[in-house]
Student: 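Okay, here's the structure, questions in a sec.
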Amino acid sequence: MKVVVNARNGAHDFECGPGEKILHAGLRSGVELPYECATGTCGTCKARLVSGRAESEWPDAPGRRYFKSEADVLLCQSVARDDCAVEVGVALKPRQPTVTAPRALGGVVRARRRLTHDVMAVDVDLDGPLDFEAGQFALVTVPGIAGARAYSMVNFERRAERLSFVVKKKPGGAVSDWLFGQGVDGTLVGLVAPLGHATFHPDARKHVLCVAGGSGIAGMMSILSLACHAAHFAAWQGHVFFGIRTARDAFFLDELEAFRARYPAQLAVTVALSDEDVAPSLAAGYPALTFARGLVHAVAGERMTGRFADVRAYVAGPPPMVDASLRWLLREARLPPADIRYDKFS
Amino acid sequence: MGQYDRHVFVCTSGETCPTQGDTERFVKILRAGAQKAGRSDVRINKSGCFSQCGHGPMIVVYPEDVWYAGVRESDLEEILTSHIIGGQPVDRLRYDPGVKGANKLDVAANGAAPGQPAPPPVAAAGPGWTRVCGADEVPVNGMKEFPVGDVNVLIVSTGSGFVAYQALCPHEAVRLEDGVHDGAVLTCLEHMWQFDVHTGAPLGDAEAGLKSYRLKQESGELYVGLDA
């Protein structure tokens with residue numbers, strides 16, 4: 001099927017495979033269609049179907065709330081049923097040649113490791129090597145459950161043959177239930193990767209500020225991995241704020257200490273506990289980390305006051321935490337949107 | 001020392017609070033949130049009138065003695081996570097009328113029928129002008145949406161005065177009231193479109209500006225000219 005996209009700066013066309021989402025086909029072909037969450041929620045990939053037939057695989061996706069016409073579709077959920085023409089209300093940005101276009105891959109679930117009572121580390125071996133940017137995510141589809149979930153990569157390497165994810169068990173979450181269940185190791189899963197714009201690149205000559213809540217720390221680990229590997233912290237500072245509820249929700253603290261050990265003067269890591277005071281035993285167990293009581297954006301706001309020059313911020317976590325952080329970064333820190341990178345998943 | 005670490009009062013009576021928002025529902029949402037966070041040391045109570053009618057819905061939180069006015073359901077999450085659970089008051093919603101004690105608005109005292117907005121005193125400002133709100137109903141250095149006739153208008157307190165714009169972002173029709181401004185730049189949080197606070201002109205990635213309305217202030221009341 002051929003799909004033509006009319007954007008404010010001209011028309012682009014590409015081939016769409018049977019069953020392939022229009023968004024994925026476009027991005028795969030180098031057409032930079034607008035998107036953020038790629039999972040039907042944010043509405044950024046909204047387009048108007050001008051001709052042809054397209055079907056949504058999730059007709060009730062929350063991104064529908066932005067629809068203004070019967071002909072509106074979400075490109076991330078829609079499959080072309082014959083040749084289609086769609087219209088997007090924005091100008092398409094030119095594709096950056098250094099960034100890998102997403103493609104469909106197969107993977108096998110390998111090592112799973114419990115990190116906390118409701119967080120699991122999951123590794124997936126890929127059927128071919130993949131390049132991605134630090135901070136990007138993959139869409140994962142598991143057998144027998146409709147719809148893809150987005151998980152940020154924890155690792156960072158070129159030509160990666162394995163992707164590491166962090167999965168939080170959600171009440172009633174079919175995919176997380178499955179991933180926490182029995183008989184999962186060795187199972188084939190489908191992926192579309194790499195996706196996402198909340199990326200870190202050492203070419204950005206900026207201090208790094210990471211504000212993460214819960215499993216939102218995943219992408220930050222990838223960013224820290226690359227920043228350490230590229231010696232970014234030899235010249236620039238890193239400020240990491242990791243928000244959790246209580247000590248039993250903590251994970252990756254050893255890994256964060258290891259990053260710190262490489263750049264003790266330039267990299268600071270603060271763990272914020274929202275629901276309980278910091279136990280002396282916790283602080284004593286991780287002498288290289290700083291602990292504080294409070295909501296992560298409030299703790300970050302307090303400790304970052306007056307240090308926002310040349311900062312680029314990366315934010316990930318539950319939507320209320322991301323929202324509160326964005327408010328603070330725009331209003332108090334006065335960072336321009338170009339220096340605030342975030343993924344809003346719900 | 002009291003019996004609770006934090007004690008929250010939601011006005012569910014008085015002359016205007018119950019009609020300015022579903023305050024009974026506010027109580028349920030806050031209780032469910034405190035319970036979900038496992039906070040048995042937090043108590044949420046329905047309350048009688050605070051004698052601030054017209055500024056509601058109102059919520060008061062102790063021991064900080066912080067008063068919130070004009071609370072919308074969409075604000076509850078922030079009040080809950082930041083203040084009731086986190087201990088950090090939400091400054092943008094704070095009520096600070098500058099007078100102590102009872103502070104009812106005229107609309108309330110005049111006995112406007114519940115659920116019915118008071119008739120706009122057009123004559124006070126002359127033809128072509130429609131009353132929007134009292135100047136003290138807009139949070140200082142904040143912004144708030146008001147219905148004016150058939151349209152909704154965003155009133156922005158810039159620090160040096162007030163300006164009036166279309167209430168929805170021209171991008172995806174998201175409420176600008178839910179965004180932020182810092183006195184110079186107004187940002188819609190949904191997709192980060194930005195506008196000049198003083199002119200409504202588009203900045204950065206924004207592809208369209210904000211429609212502005214004529215605005216004037218008289219005797220503490222704000223009026224807009226919708227024909228502009």
Side-chain angles (χ1 to χ4, degrees), chain A residues 7-9 34-37 41-46 63 65-68 72 89-91 93 171 197 213 243 245-246 272-276 293-299 301-302 315 318-342 344, chain B residues 5 33-34 36-42 74-93 139 141-143 159 168-175 177-195 197 202-208:
Chain A
R8 292 222 175 149
N9 56 345
Y35 75 97
E36 275 179 33
C37 73
T41 305
C42 73
T44 308
C45 68
K46 184 189 75 169
R65 69 184 179 283
Y66 299 111
F67 285 8
K68 289 167 191 158
D72 283 349
V90 295
K93 294 185 173 141
H197 305 116
R245 282 208 255 288
T246 65
L273 279 71
S274 64
D275 288 11
E276 69 182 17
R293 166 90 195 255
L295 293 171
V296 64
H297 64 275
V299 169
E302 207 172 281
V315 183
M321 175 249 135
V322 171
D323 254 19
S325 300
L326 296 185
R327 283 174 192 284
W328 155 63
L329 290 168
L330 288 162
R331 251 172 100 149
E332 266 69 57
R334 297 190 175 222
L335 292 186
D339 284 327
I340 305 175
R341 306 208 163 180
Y342 65 101
K344 224 184 220 177
Chain B
D5 271 12
K36 197 169 158 210
R39 294 298 298 265
S40 53
D41 54 352
V42 166
S74 56
D75 298 324
L76 294 178
E77 175 77 36
E78 191 179 356
I79 292 177
L80 186 72
T81 51
S82 176
H83 187 176
I84 299 174
I85 294 169
Q88 190 74 34
V90 181
D91 285 333
R92 70 181 178 88
L93 297 171
N141 296 319
M143 49 191 176
L168 300 181
C169 182
H171 181 211
E172 289 293 359
V174 170
R175 288 170 57 184
E177 185 193 63
D178 296 333
V180 296
H181 86 77
D182 63 3
V185 179
L186 191 162
T187 308
C188 175
L189 282 187
E190 198 72 16
H191 302 102
M192 294 287 197
W193 275 28
Q194 294 193 311
F195 312 92
V197 161
L203 303 171
D205 280 349
E207 292 174 9

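Just so we're on the same page: letters track the sequence lines, and every chain starts at 1.
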Student: Measure across B:Glu77 and A:Pro320 and return the closest heavy-atom pair with its distance rounded to 0.1 Å.
Tutor: OE2-CG, 3.8 Å
Student: If you define the side chain from C-beta out and look only at heavy atoms, does anything of A:Leu330 sit under 4.5 Å from B:Gln194?
Tutor: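 In short, these two side chains touch, coming nearer than 4.5 Å.
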Student: Is it the case that atom CG in B:Asp205 sees more than 12 heavy atoms from other parts of the structure closer than 6.0 Å?
Tutor: no
Student: Could you look at A:Arg245 and say if it's the side chain, the backbone, both or neither that has a heavy atom under 4.5 Å from chain B?
Tutor: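 Neither part; nothing is under 4.5 Å.
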Student: Could you walk me through whether B:Met192 and A:Leu326 satisfy the side chain to side chain contact (heavy atoms under 4.5 Å, CB included) test, starting with their C-alpha distance in whole Å, then the side-chain angles of each, then the deciding distance to 0.1 Å, before giving a yes or no?
Tutor: CA-CA 10 Å; B:Met192 294 287 197; A:Leu326 296 185; 3.8 Å; yes
Student: Check for a donor-acceptor pair, side chain of A:Arg331 on one end and backbone N or O of B:Val180 on the other, with a separation under 3.5 Å.
Tutor: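 No: the side chain of A:Arg331 does not pair with the backbone of B:Val180.
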Student: Find out whether B:Val185 and A:Arg334 are in side-chain contact, i.e. whether some heavy atom of one side chain is under 4.5 Å from a heavy atom of the other.
Tutor: no
Student: Does atom NZ of A:Lys68 have more than 12 heavy-atom neighbours from other groups under 6.0 Å away?
Tutor: yes
Student: So A:Tyr66 and B:Val174, do their side chains get closer than 4.5 Å, heavy atoms only?
Tutor: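 Yes. Closest side-chain heavy atoms under 4.5 Å.
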Student: Suppose we screen for salt bridge (charged side-chain N to carboxylate O under 4.0 Å, His left out). Which residues come up paired with A:Arg327, at least two apart in sequence or across chains?
Tutor: none
Student: Of all the heavy-atom pairs spanning A:Ala91 and B:Glu207, show the shortest one and how long it is.
Tutor: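 Looks like N-OE2, 4.1 Å.
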Student: Quick check for you: to the nearest 0.5 Å, what is the distance between B:Thr81 atom OG1 and A:Asp323 atom CG?
Tutor: 10.0 Å
